Amino acid sequence: MEISSKYSPQDTEGKWYQHWLDKNYFHSTPDEREPYTIVIPPPNVTGVLHMGHMLNNTIQDVLVRRARMQGKNACWVPGTDHASIATEAKVVNRLAQQGIKKTDIGRDEFLKHAWDWTHEHGGIILKQLRRLGASCDWERTSFTMDETRSKSVIRVFCDLYNKGLIYRGVRMVNWDPAALTALSDEEVIYKEEHSKLFYLRYKVEGEDTYAIVATTRPETIMGDTAMCINPNDPKNEHLKGKKVIVPLVGRAIPVIEDEYVDIEFGTGCLKVTPAHDVNDYMLGEKYNLQSINIFNDDATISEAAGMYVGMDRDAVRKQIVKDLDAAGLLEKVEDYNNKVGYSERTHVAIEPKLSMQWFLKMEHLAEIALKPVLEGDIQFYPSKYVNLYRHWLENIKDWCISRQLWWGHQIPAYYLPEGGYVVAETAEEALKLAIEKTGKELTMADLQQESDCLDTWFSSWLWPLSLFDGILNPDNEEFKYYYPTNDLITGPDIIFFWVARMIMAGEEYQKEVPFKKVYFTGIVRDKLGRKMSKSLGNSPDPIELIDKYGADGVRVGMMLTAPAGNDLPFDEALCEQGRNFCNKMWNALRLVKGWNVDENIAQPETAKMAVKWFEERFQQVLQETNDNLDKYRLSDALMGIYKLVWDDFCSWYLEMVKAPMGQPLDTVTYNATVTFFENLMKILHPFMPFITEDIWHLLKDRNDGDDLIIAQQPAQKVVDNDILNQFLFTQDVINNIRKIRAEKNISMKESIELIVVDKDGSVNKEFDAVIMKLCNVSSVNYVTETPQDAFGFLVKATEYFIPVTDNIDTEAEIKKLEEELAYAQGFLKSVEAKLSNEKFVNGAPAAVVDKERKKKSDAEAKIKVIEQQLATLKK
RNA sequence: GGGAGCUUAGCUCAGUUGGUUUAGAGCACCUGCCUUACAAGCAGGGGGUCACUAGUUCGAAUCUAGUAGUUCCCACCA
């Protein structure tokens, strides 16, 4: 068979993915096996794959594939999220391009456009995941707005309302002037800004003096309804009981006193704008102040302001500063750093706004969600996030769940003609309730459904429950089988948005955790440490990367340096390393496939020892790998396998068993090699599914259905450490010979002799054949006296020599030995220092002391040998 | 302003309850090789006062305190 010297991912990846689909390997149905379930963190339905998804989904696929190969019934449920704000914004934009405003066409018509958009752009991301090799159960693909999920959301809303956990009220909320909706606290991102602190002159009524107020937002003076000072502030004593005149506006406002005001800040005078600042709002409530809303919903100035009407807030700030200055009412301007809240989605500055919203009480939910994490029923990897989680839950505020949007789950509250409302899952039930409540003969037309829809996270938080229909139909077989799920893989940035709330929902509705372990990935950053983002343009296109390096190559690149919770500075070189690794294995396959096997020849000694050793070495790494994977140390696990394949299998094992050029290989060795190769492919498959499946099939002819993806992981056995240690010793010998060859310019083609000083016959000779083969050694001679005219080296306390015909550079040899001696003596000294310390000998555990004694005797033996050699050379 | 984490080789990181040589890996780097599986490769090599300071201990990269730098989270100082 002709195999190209370069592995070509394009030729294999699509083929095997289709094969797996055809065989329905990804699909899961409940059976007697232990389930292993992961629900995907649903990406935005109209989103495209970015590097964060790549990392996240590679990890999930590794875990799912491994579980499948451990005999578990693996089920990875994919799906998408309707992403209320983001999607609605996109649809609004598209309509705007056609000159259409959403209010002109109405809710139903708008939703048609939104669904069109969803169908046009939706699901691309799921298609992209197939390129990555994601083994999702596609038959289970769900959407947060599909029928089951929508009904679940509405059921939960009604249930929480009936439990008294949902209420409606006027509160100061975070208003997004671009999306024209309220946001939850979690959706606001605070950024430090270099801004200005403006000192404004408020004339004291009836006097010719001024009170100076420092503010970062001069444009809000039209909404001022009081000035506040600290009653204990001596420098503003004279203002008590007075009124001051709002500059430009001319309105007289009272001076109130409250200890909330920081005496040290600015002048100690605070302008109070109850409609536009959370703290001012609280003051307004406390002192019964008037509240003037000077902004429209889009943050332009409203009629109520009386000035600058219709202008944008930013423009007004610039203008009003000029006007204040012109009127002599601007005392001074200082540079100032403050924090401004921005909308997570639209990136515009948030405006605190008083409005009627729906809220979910969090006290009870926080309590039930805290317990399983603190008690260890749910484990976080890394565990440092437990603190963060606890802190958030212990300081939680009620969740604003209503959004002034149409794309989402419409709140099932129905307003009655005479005021008040009822909450019900359907309009029919609402009508029934309404009639009961009012005692009047109402019709459907009398009811007006709440126009707000719910926060997207109000559907995501049910995801592990609703995917298996556990809200509507909690007794169903699938739900009982798959819930709770096993692992959740997500970013720490949505620990509050999503993780905590899923735990709340799971505990509230199932009295059980939604997942047992949470693996928090790092944030993918560029080489400069910046978060990858569309706006910075520093994120590579994952599909282009896959085209360039192959899915396996990219997966390796993602996994190699992604310990849980650490940021991942992404570098394409990592994918290149992955691609090179593919090629390495590919060429190992070429070698094995190129062998001629002769069943009549006996197994050579070298091959016999190689097989004996590799069996143990494989077992050793298998144990380490399993251990690492159980602890979610995926990069360590992969690196272990990487070295096992590259170094142990390719560089050592294959070189040992290789038949001389043109000669055939024996059957025993060949079969062992194929089995080893298969086992390597098994443990590597979760990380690199495509090339391993391909090699699996190229290694030998297989029956239909004998596919690697469903093969079982190799069994663990007890490791024979003696063989491993002997081989380590042998490797040391070989490396030393190679080093001498390199140093002395002895070509590999030139065979050499090896002399071993073995005074008492204790040197192990089992691997001599290996040494001879790998170092082109013609003979290994055992002697009892240190020879002369030879390059020597030491392994532990055993002396080895390579005799030379040329004159030996005695000076160089002496120098080398003296360096070795100095090191050994230094080492011995440190060991002796320990051992001569009575406190150490008495205080340290016996095993530790024994180890030190062994070190001492080894070092002494070595020193003795070196000294003898030096003596010989110096003769 | 409060809290948490981090600081080990040029880069990214391991280092499990303090004690398997005087600290490891991958990549990068340097030297020599197109050796008949692989130059996307082979063989060899160099490189670190474990941020700093003080302490605990027979013994500290590891524990404690402080200092510096850095990252993140939370918070109503205009």
Side-chain angles (χ1 to χ4, degrees), chain A residues 3 5-7 172 190 197 213-217 220 228 260-262 264-266 269-273 277-282 336 338-339 352 382 384-385 387-388 391-392 395 492-493 495-496 523 527 529 549 553 560-563 565-569 571 573-574 576-577 579-595 627 631 633 635-636 639-640 642-643 650-651 654-655 658 661-662 735 738-739 741-743 745 747-749 823-824 826-831 833-845 847-849 851-852 854-856 858-859:
Chain A
I3 308 178
S5 73
K6 299 271 189 286
Y7 169 65
M172 189 63 94
Y190 289 89
L197 194 57
V213 172
T215 179
T216 53
R217 300 203 62 188
T220 62
C228 191
Y260 160 75
V261 176
D262 181 353
E264 302 305 318
F265 188 90
C269 295
L270 173 73
K271 67 194 261 322
V272 183
T273 320
D277 184 280
V278 182
N279 302 300
D280 293 11
Y281 173 70
M282 293 191 303
Y336 185 68
N338 68 337
K339 290 205 171 169
K384 66 177 176 183
Y385 289 109
N387 276 337
L388 188 62
H391 184 263
W392 186 70
N395 295 282
D493 49 333
I495 185 168
F496 307 138
I523 309 251
K527 275 195 251 182
Y549 300 104
L560 271 184
T561 56
N566 277 23
D567 281 357
L568 168 60
D571 189 339
L574 297 168
E576 202 179 325
Q577 193 181 348
R579 180 200 61 182
N580 294 354
F581 186 40
C582 287
N583 211 43
K584 184 69 188 175
M585 287 189 286
W586 188 249
N587 279 289
L589 175 76
R590 284 178 69 210
L591 175 68
V592 174
K593 293 304 287 181
W595 282 341
D627 190 47
K631 291 177 184 154
R633 299 169 59 136
S635 48
D636 290 342
M639 184 45 73
Y642 177 91
K643 286 191 279 188
C650 293
S651 297
L654 289 178
E655 292 299 332
K658 227 180 199 175
M661 182 59 189
N735 288 337
R738 284 173 173 168
K739 194 172 165 183
R741 274 190 181 277
E743 278 170 4
N745 266 323
S747 155
M748 255 309 277
K749 284 169 190 154
Y823 179 90
F827 176 66
L828 179 64
K829 211 172 151 190
S830 77
V831 176
K834 274 190 200 175
L835 283 170
S836 63
N837 184 332
E838 269 182 52
K839 284 181 186 169
F840 170 72
V841 179
N842 298 330
V848 174
V849 177
K851 257 180 218 164
E852 292 301 317
K854 176 83 166 59
K855 282 190 210 167
K856 184 176 176 230
D858 284 353

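Everything quoted here is computed from the prediction, not taken from an experiment. Each chain gets a letter, A, B and so on, in the order the sequences are listed, and its residues count up from 1.
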Would you say a side-chain N or O of [X] is under 4.0 Å from OP1 or OP2 of [N]?
X        : N     : answer
A:Asn387 : B:C73 : no
A:Ser635 : B:U12 : no
A:Lys658 : B:A37 : yes
A:Tyr385 : B:G5  : no
A:Tyr336 : B:A78 : yes
A:Lys584 : B:C42 : yes
A:Lys749 : B:U35 : no

Looking only at atom [atom1], what distance separates [N] and [M], rounded to whole Å?
N     : M     : atom1 : value
B:U57 : B:U64 : P     : 16 Å
B:C13 : B:C58 : P     : 37 Å
B:G5  : B:A65 : P     : 11 Å
B:G44 : B:U49 : C1'   : 28 Å
B:U62 : B:A51 : C1'   : 16 Å
B:A60 : B:U8  : C1'   : 14 Å
B:A14 : B:C27 : C1'   : 15 Å
B:C11 : B:G2  : C1'   : 34 Å

Could you tell me whether [X] contacts a base, only the sugar-phosphate backbone, or nothing, with contacts defined as non-hydrogen atoms closer than 4.0 Å?
X        : answer
A:Arg633 : sugar-phosphate
A:Lys271 : nothing
A:Cys650 : base
A:Lys6   : base
A:Ser651 : sugar-phosphate
A:Phe581 : nothing
A:Leu388 : sugar-phosphate
A:Ala588 : base
A:Met748 : nothing
A:Asn395 : nothing

[X] has an atom [atom1]; how far is it from atom [atom2] of [N], in whole Å?
X        : N     : atom1 : atom2 : answer
A:Lys643 : B:C27 : NZ    : C1'   : 12 Å
A:His391 : B:C73 : NE2   : P     : 14 Å
A:Asn735 : B:G44 : CG    : P     : 5 Å
A:Asp493 : B:U71 : CG    : P     : 18 Å
A:Asp636 : B:G24 : CG    : P     : 17 Å
A:Met585 : B:A37 : CE    : P     : 19 Å
A:Tyr549 : B:A40 : OH    : C1'   : 11 Å
A:Glu264 : B:A78 : CD    : C1'   : 14 Å

Minimum-distance nucleotide (side-chain atoms of [X] versus [options]):
X        : options             : answer
A:Tyr260 : B:A37, B:A78, B:A25 : B:A78
A:Gln577 : B:C58, B:G26, B:G41 : B:G26
A:Arg738 : B:G26, B:A43, B:A78 : B:A43
A:Phe496 : B:U22, B:C74, B:A78 : B:C74

Q | From CA spacing to verdict: side-chain contact (heavy atoms from CB on, under 4.5 Å), A:Asp636, A:Met639 | A | CA-CA 5 Å; A:Asp636 290 342; A:Met639 184 45 73; 5.6 Å; no
Q. On RNA chain B, nearest-nucleotide positions of A:Val261 versus A:Asn587: which is more 5'?
A. A:Asn587
**Q.** 5' priority, RNA chain B, between A:Ala742 and A:Asn583 [closest heavy atom]
**A.** A:Asn583
Q: Record whether the side chain of A:Arg579 comes under 3.5 Å of the base of B:A40 through a donor-acceptor pair of N or O atoms.
A: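 It does, because a donor-acceptor pair links the side chain of A:Arg579 to the base of B:A40 below 3.5 Å.
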Q: Classify the side chain of A:Glu655 and the base of B:A37 as holding, or not holding, a donor-acceptor pair under 3.5 Å.
A: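 Donor-acceptor pair under 3.5 Å: yes.
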Q: Runs of at least three consecutive Watson-Crick or G-U pairs, both distances under 3.5 Å, are what I'm after; which ones involve RNA chain B?
A: B:1-7 with B:68-74, B:10-13 with B:24-27, B:29-33 with B:41-45, B:51-55 with B:63-67
(Q) If we check side chain to side chain donor-acceptor pair (under 3.5 Å) with A:Asp858, which of these qualifies: A:Lys855, A:Lys856, A:Lys854? (A)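 Single side chain to side chain donor-acceptor pair (under 3.5 Å) partner of A:Asp858 among A:Lys855, A:Lys856, A:Lys854: A:Lys854.
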Do the side chains of [Y] and [X] get nearer than 4.5 Å, heavy atoms only?
X        : Y        : answer
A:Pro492 : A:Tyr385 : yes
A:Leu197 : A:Phe265 : yes
A:Tyr7   : A:Leu589 : no
A:Leu654 : A:Val592 : yes
A:Leu574 : A:Gln577 : yes
A:Val272 : A:Asn279 : no
A:Phe840 : A:Glu852 : yes

Q. What orientation do A:Phe496 and A:Trp392 show, parallel under 30°, tilted 30 to 60°, or perpendicular over 60°?
A.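 Rings of A:Phe496 and A:Trp392: parallel, as their planes differ by under 30°.
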**Q.** Stacked pair A:Tyr823-B:U22, distance under 5.5 Å, angle under 30°
**A.**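 Answer is yes, a stack.
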Q. Would a distance-only check, ignoring hydrogens and angles, find a side-chain to backbone donor-acceptor pair under 3.5 Å from A:Asp277 to A:Thr273?
A.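 Side chain of A:Asp277 to backbone of A:Thr273: no pair is present.
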